[in-house]
Amino acid sequence: MSLTAAKVTSAKVAALYDAHVMKNYGKAPFTIVRGEGSYVWDAESRRYLDFSTGIAVNTLGHGHPHWIRTVQEQAARLTHVSNLFHVEGQGRLAARLCERAGRGRVFFCNSGAEANECLLKLARLWGRQRAGGKEGVCYEVITATNSFHGRTFGGMSATPQEKVQGGFRPLVPGFRHAEFNNLAAFEAAMTDQTAAVFVETIQGEGGIHPATTEFLCGLRDLCDARGCLLMIDEVQCGIGRTGHFFAYEAAGITPDAIGMAKGLGGGFPIGAAWVRQGYDELFTPGSHGTTYGGGPLACAAANAVIDVIEEEHLLDRVREQSAIWKGQLDDLIRKHPARLKGLRGRGYHMALVVDGDPLDLVALFRSHGLLCVRGGTDAIRLMPPLTVSPAELTAAVDIIDLALGTAA
Ligand SMILES: Cc1ncc(COP(=O)(O)O)c(C=O)c1O
């Protein structure tokens, strides 16, 4: 059946999914067909304020004119050539990321899991070098409890959660896990075999749990003292969402490697791994690669995202507006103490801690016209686009207030 001639309806699309698409995702009961700014519309023309942003992807909201123009022009000129050739936009994007992360080099790929996979391979290469060229001596990576690093075998093995790992064992060897934000636990987990420590600055899927400044600074010192890499997963919290381009900047540290994706392309798939100078030449020709990574179209999209972040001063805007929004969310929590238990996060990477199953409240808010995402077992993530207006931030608070009032 083709839906191109007939009118798209949520029911028809759901039937196609039911029959033909793998059932590995839980889904909202409607199809989104259009987006503009901070809003999306479903096939039945219902409008939703989108604070899910494709799970922290739509940095500029939907249909930003500069992003559209850039992607359209690039699509018309050149879409794909492979990494057998230089791509102008890739070189320019790498330079812009190094400007923000520090001296080093960038590897481009297509997703967060792939960016992290590059970091995990970097840890192996670093460990081999540290062990005088011997493989299998220094190869362990320590990750945190409640973390999430992706669904590839490396990403799953780095993610000590039964709901991620269950059914897929045996996993990749060489991972140890220690309690998040517990420096002593990380220190205790380190051995002569440890090549790297790998943590999220803010645990996103785990429910928006920020790493403390003391923890990140302590990890930096520990890694320096032990000759281990400090690798930071910024896939969800990076690219301006917290009011810093990279969320770790607030702690004043410099990592040895960064994984990023999601918000970088603003809706076009792209991932990137930045590696600090001194480690950036561990990868040699032929040691890693991907066909699509850093293609002209993806890099045009990512360069457009950074253009707008710079030209519209979005980092300042996130910092200023989120401070006011946080006050509104605090008021909301005081007004609905039976359902809302607290607030976690920074900037536009926020979680409302809820009483009961977060999915029930996600569905309730959705029915009142607000899209948000579950975070961990006890929270709802609110992740508006960086371009959101103050009125839209207030509108989200009003929808939650109304929805909780109706459901009381
Ligand atoms: C912190 C973090 N790392 C890695 C990933 C995996 O990214 P992707 O889904 O693009 O593979 C995610 C996805 O949610 C994430 O939040």
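First listed ligand is number 1; within each ligand, the first listed atom is number 1. Being a predicted model, the structure only gives us computed values, none of them experimental.
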| said: When you compare the side chain of Q236 with that of I202, does any pair of heavy atoms fall below 4.5 Å? | reply: no
| request: Using a 4.0 Å heavy-atom threshold (strictly under), name the region of A261 that reaches ligand 1: side chain, backbone, both or neither. | output: neither
| Looking only at heavy atoms, is any part of Q203 under 4.0 Å from ligand 1, and if so is it the side chain, the backbone, or both, or is it neither? | neither
| query | So, does I55 sit close enough to ligand 1 that a heavy atom of it is under 4.0 Å from the ligand? | reply | no
| Does any N or O atom in E200 lie less than 3.5 angstrom from one in ligand 1, N or O only? | no
| Between G150 and ligand 1, does any nitrogen or oxygen pair lie at a separation below 3.5 Å? | no
| message | Can you confirm, on distance only, whether ligand 1 has an N/O atom lying under 3.5 Å from any N/O atom belonging to K262? | response | yes
| Is it true that the NZ or CZ of R241 lies under 6.0 Å from the centre of Y348's six-membered ring and within 45 degrees of the ring axis? | no
| field | Closest protein heavy atom to atom 11 (O) of ligand 1, given as residue, atom name and distance to 0.1 Å | value | A113 N, 2.8 Å
| task | Measure H149 to ligand 1 on non-hydrogen atoms and call it side chain, backbone, both or neither using the 4.0 Å cut-off. | result | backbone
| message | Can you report which non-hydrogen protein atom sits closest to atom 8 (P) of ligand 1, along with the distance? | response | G112 N, 3.5 Å
| message | Can you report which non-hydrogen protein atom sits closest to atom 3 (N) of ligand 1, along with the distance? | response | D233 OD2, 2.8 Å
| task | Could you tell me the residue and atom name of the protein heavy atom closest to atom 16 (O) of ligand 1, and the distance to it rounded to 0.1 Å? | result | Q236 NE2, 2.9 Å
